[in-house]
Amino acid sequence: MSSPSRSGVFQQSADRRVEQFTESISFDRRLYRHDIQGSKAHARMLAGVGLISEDECKQIEAALTEIEGELDRNELPMQIELEDIHMHIEQALINRLGDIGRKLHTARSRNDQVSTDLRLWCRDAIDGLDQQLTELQRSFVSRCARDADVILPAYTHLQRAQPVLAPHYWLAYCEKFERDRERLADCRKRLNRSGLGAAAVAGTSLPIDRDQTAKELNFEAVAANSLDVSSDRDFVLELAFTLTVIAEHLSGWAEEWILWSTIEYRFLTLPQQFCTGSSIMPQKINPDVLELIRGKTARVIGNLQSLLVLVKGLPLAYNRDLQEDKVPLFDSVDTVSACLGLAAPMVRDAELNRDHIVSGLDRGYLDATTLMEFMIQHGVPQRSAHHLVGDLVGKAIQQQVPLAKLDPQEFRDAHEVLDERVFEVIGVENAIQAFRSYGSTAPSEVASQVAAWQKKLDL
Ligand code: ARG
């Protein structure tokens, strides 16, 4: 069979190699539900304006439902000469309905069709991803009550910095994933415009009703310029970028937990169902899932890069290059979705090794900054206090003790404000209690943020 798009002007059928090279059915088949959804809306609009009859519309809709069933059951044979999912479905319709089927493509081109299908597909993908991000946030927030009293070192430059409550860590990730949800929502808002009716590039001379199809497909508005619709893939770029940020966030978390689960840190025991073994070293329990979450970020970044390069320098309007957008887009959605699906149960089920964490908290002088702030509160200029506490830490390092084990006389010698009250602010427990600023790890701050998240996530 020759391609329906080659009838008429062509006197020769396509070279087989061209068909193989130009096909997209091998990867755009997964658009079929959205293609059928768009086609039904288009048929109803054609009937609404009188370009087809009500009866023809009913037959088209019924046949499209049957074709969808065949695609669901994998019964519709794929033929590369039909190039893409749009032509497979249209041909199946023509095979069933003859001339009535030949009317569906009235006032429509595959250019506005593929744009519509892809927008619908992305919209659903975004809704699914949003759900998965919420699940992951729930996992983090569900840990907060369990880990409420655990103090962890916060790091900068991967060097011990200040003490924080474990829930402060968990909520840091909730904030990141919340911004990702906002980015998704923003992307959804911008892609939620109907291109259907832009036809190939210039619109149509037929009396169509673009508002009707937009409404039927739950688009918020109609895209205003047909040249723009034919060429626009901004929404694919935005989604691919947002997916990259999600993957970046996941990769940082994965790296952190890989470190935390080592014997060197021993902060965390990963759930064994999410670990793998070694074929030669019997003792190994490896964090391969976390490593792959970190590793798969590479291809999500690569996909964004591919898409950016793909659309670079394309003149208006549709160019066949755009067909290549689906492979990286689908891969990024699939990859990030798989990562989120594994992250949520791992976050929920991992166990903090409380005893080990506590036993190491007096290393690294996590309370030094609090001591400096104590001096500032008693009138010592910040630079001077910084220097004096640095000196005291130096002495403690020499004696191989934490600050709280220095002789009180050393404090008094360093500065007159450093009397016995310093022992109320040094030590990680005291240091935690000393915090007070909004957004800090102060216990009352953390508690109110945990409560806000629990409310937001219905926990
Ligand atoms: N398979 C094509 C794609 O995915 C459909 C659009 C083809 N349009 C065209 N004018 N050849 O981009």
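Counting starts at 1 for both ligands and their atoms, following the listed order. Values below: all heavy atoms of this structure, side chains included; hydrogens, waters and symmetry mates excluded.
Of all atoms in ligand 1, listed by their number and element, those nearer than 4.0 Å to a heavy atom of Ser24 are 1 (N). Heavy-atom proximity to Asp84, at under 4.0 Å, picks out these atoms of ligand 1: 1 (N), 2 (C), 5 (C). Residue-ligand proximity, Glu83 to ligand 1, at heavy-atom distances under 4.0 Å covers atoms 1 (N), 2 (C).
Under the 3.5 Å distance criterion, with hydrogens and angles disregarded, no donor-acceptor pair is assigned to the side chains of Gln113 and Asp117.
Polar contact with ligand 1: present for Gln323 (N/O pair, distance under 3.5 Å). Taking only nitrogen or oxygen atoms, main chain and side chain alike, Asp28 does not reach within less than 3.5 Å of ligand 1.
The nearest non-hydrogen atom to atom 11 (N) of ligand 1, considering only Arg110, Glu23, Lys326, Gln113, comes from Arg110.
Between Asp180 and Arg183 there is a salt bridge, since a side-chain N of the basic residue sits under 4.0 Å from a carboxylate O of the acidic one.
No more than 12 heavy atoms of other residues, nucleotides or ligands sit less than 6.0 Å from atom CD1 of Ile285. For Gln283, the CD atom counts as densely surrounded, since its 6.0 Å shell holds more than 12 non-hydrogen atoms of other residues, nucleotides or ligands.
Given atom 12 (O) of ligand 1, the protein heavy atom at minimum distance is Tyr318 OH, 2.4 Å. With respect to atom 8 (N) of ligand 1, the closest heavy atom belonging to the protein is Asn111 OD1, 3.0 Å.
Annotation: cation-pi geometry not satisfied between Arg119 and Phe219 (NZ/CZ under 6.0 angstrom from ring centroid, within 45° of ring axis).
Residue Gly195 comes nearest to Asp112 through the heavy atom pair O-CB, 3.5 Å, listed as atom of the first residue, atom of the second, then distance.
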